[in-house]
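Report on one structure; see the data block that follows.
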Amino acid sequence: MLTDYHVHLRSDDIEATPAERFLTAANADSYRLVASERGIAELGVSEHVYRFRQALDVWDHPLWQTYARDDLDDYCAFVREETDLRLGIEADFIPGREDRMAQLLADRDFDYVVGSIHFVGEGALDYDAYDIWSTGTSPERVWRTYFEWLGRAAMSGLFDILAHPDLVKYWGAQRPRPERDLRHFYELAMEGIAESGIAVEVSTAGLRKPVGELYPARAFLEMVLDAGNPIALSSDAHAPDDLGRDYEQALALLEDLGVTQLAVFERRERRLEPLG
Ligand SMILES: [Zn+2]
Ligand SMILES: [Zn+2]
């Protein structure tokens with residue numbers, strides 16, 4: 001089986017992607033069609049939590065205030081009633097707001113929750129507005145905090161899948177990077193990842209970003225597999241044609257590392273299915 005769980009039904013262009021045009025059965029069908037062409041049987045959607053007004057009960061970052069336009073319960077009802085897709089959501093780990101996020105998630109019957117870190121404090125890792133890299137914080141500090149938080153995100157119990165686990169590398173050579181061996185930073189997340197047993201995402205999205213690499217780096221993935229965590233495979237598509245994109249690269253890496261199963265989710269229960 002192949003999966004694509006970390007999937008968005010629209011781009012991140014807030015003005016161009018109103019719910020009434022993109023959270024539709026016709027749009028969902030176009031994703032399902034491409035998925036079947038590419039042999040992806042297990043398909044779910046995971047819109048960004050911050051596109052929903054209810055997210056402002058969790059955090060009030062100015063970016064979230066700009067993006068929080070849609071109703072979360074309408075989204076859940078749409079996916080359940082008008083599509084055959086798994087119902088997921090991409091939720092941010094916001095330290096100090098775990099209880100509020102837990103409440104938001106517990107109130108809905110998701111199949112899975114994809115957990116992400118896009119912000120370290122007020123600064124964005126992968127978005128040039130609110131860019132953390134222009135605040136004067138050292139790259140060592142950003143990377144350290146990112147991976148410490150990743151371990152905490154795993155341990156929070158909020159999430160089923162840890163998304164794009166080394167997103168901090170997003171900009172590649174366009175932003176400063178720590179000098180030392182990056183495994184030093186990965187190590188900071190591993191205790192939480194191992195202890196939580198959370199599924200860790202292998203995402204082809206990084207290949208489409210400035211860094212031009214899979215998320216996560218091979219060395220990170222090796223540590224995750226040593227810890228015994230299951231793997232979730234996704235493309236982080238924001239358009240139908242990005243579904244399953246570059247999976248041959250992800251599958252080659254997974255095969256090389258001896259991964260034979262993928263995590264599959266239903267109503268937040270996880271099972272493992274043979275990969276392929
Ligand atoms: Zn993300
Ligand atoms: Zn995403």
Side-chain angles (χ1 to χ4, degrees), residues 3-14 17 19 22-23 27-28 31 35 40 43-52 55 58-59 61 63-64 66-68 70 72 75 79 85-95 101 105 110-120 123-132 142 146-147 149-150 153-154 156 158-172 189 198-211 213-217 220 232-247 250 265:
T3 63
D4 206 342
Y5 278 143
H6 185 162
V7 170
H8 303 267
L9 289 168
R10 49 190 173 173
S11 80
D12 290 332
D13 181 340
I14 180 73
T17 57
F22 286 85
L23 305 187
N27 192 30
Y31 279 73
I40 297 162
L43 183 64
V45 284
S46 56
E47 290 301 296
H48 283 292
V49 72
Y50 57 74
R51 297 208 55 166
F52 302 102
V58 178
W59 203 35
H61 189 285
L63 182 139
W64 285 35
T66 304
Y67 275 74
D70 301 330
L72 182 57
Y75 161 68
V79 175
L85 308 178
R86 295 270 181 238
L87 172 59
I89 191 155
E90 180 174 9
D92 295 66
F93 177 66
I94 311 292
M101 187 65 86
L105 297 171
F110 296 110
D111 287 313
Y112 57 88
V113 177
V114 177
S116 298
I117 299 176
H118 301 112
F119 292 91
V120 168
L125 295 162
D126 62 342
Y127 188 50
D128 44 16
Y130 316 105
D131 187 15
I132 192 158
V142 175
Y146 176 82
F147 285 104
W149 287 12
L150 196 68
S156 72
L158 292 168
F159 313 118
D160 302 297
I161 299 170
L162 212 48
H164 39 60
D166 58 350
L167 180 85
V168 67
K169 72 182 179 186
Y170 174 94
W171 289 105
I198 193 169
V200 175
E201 179 179 85
V202 170
S203 169
T204 56
L207 293 165
R208 310 192 299 273
K209 309 300 185 195
V211 68
E213 297 173 8
L214 289 169
Y215 298 122
F220 185 101
L233 175 64
S234 288
S235 67
D236 204 351
H238 285 68
D241 195 42
D242 282 336
L243 277 181
R245 184 171 283 266
D246 299 316
Y247 266 20
F265 296 89

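Each ligand, and each atom within it, is numbered from 1 in the order the structure gives.
For an aromatic pair to be called close, the ring centres must be under 6.0 Å apart, and His118 with Tyr127 fails this.
Looking only at atom types and distance, the side chain of Glu201 has no donor-acceptor partner in the side chain of His164 under 3.5 Å away. With hydrogens and angles left out, the side-chain atoms of Arg86 and Ser46 include no donor and acceptor closer than 3.5 Å. Using a 3.5 Å distance cut-off with no hydrogens or angles, the side chains of Ser235 and Asp242 do not pair a donor with an acceptor.
Inside a sphere of radius 2.8 Å centred on the Zn ion (ligand 2), the protein N/O/S atoms present are His6 NE2, His8 NE2, Glu90 OE1, Asp236 OD1.
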For this session: Report the C-alpha distance between Asp126 and Lys209 in whole Å, list the side-chain angles of each, state the deciding distance to 0.1 Å, and finish with yes or no for salt bridge (Lys or Arg N to Asp or Glu O under 4.0 Å).
Result: CA-CA 9 Å; Asp126 62 342; Lys209 309 300 185 195; over 6 Å; no
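Counting only distance, with no hydrogens or angles, the side chain of Tyr50 and the backbone of Ala68 share no donor-acceptor pair below 3.5 Å.
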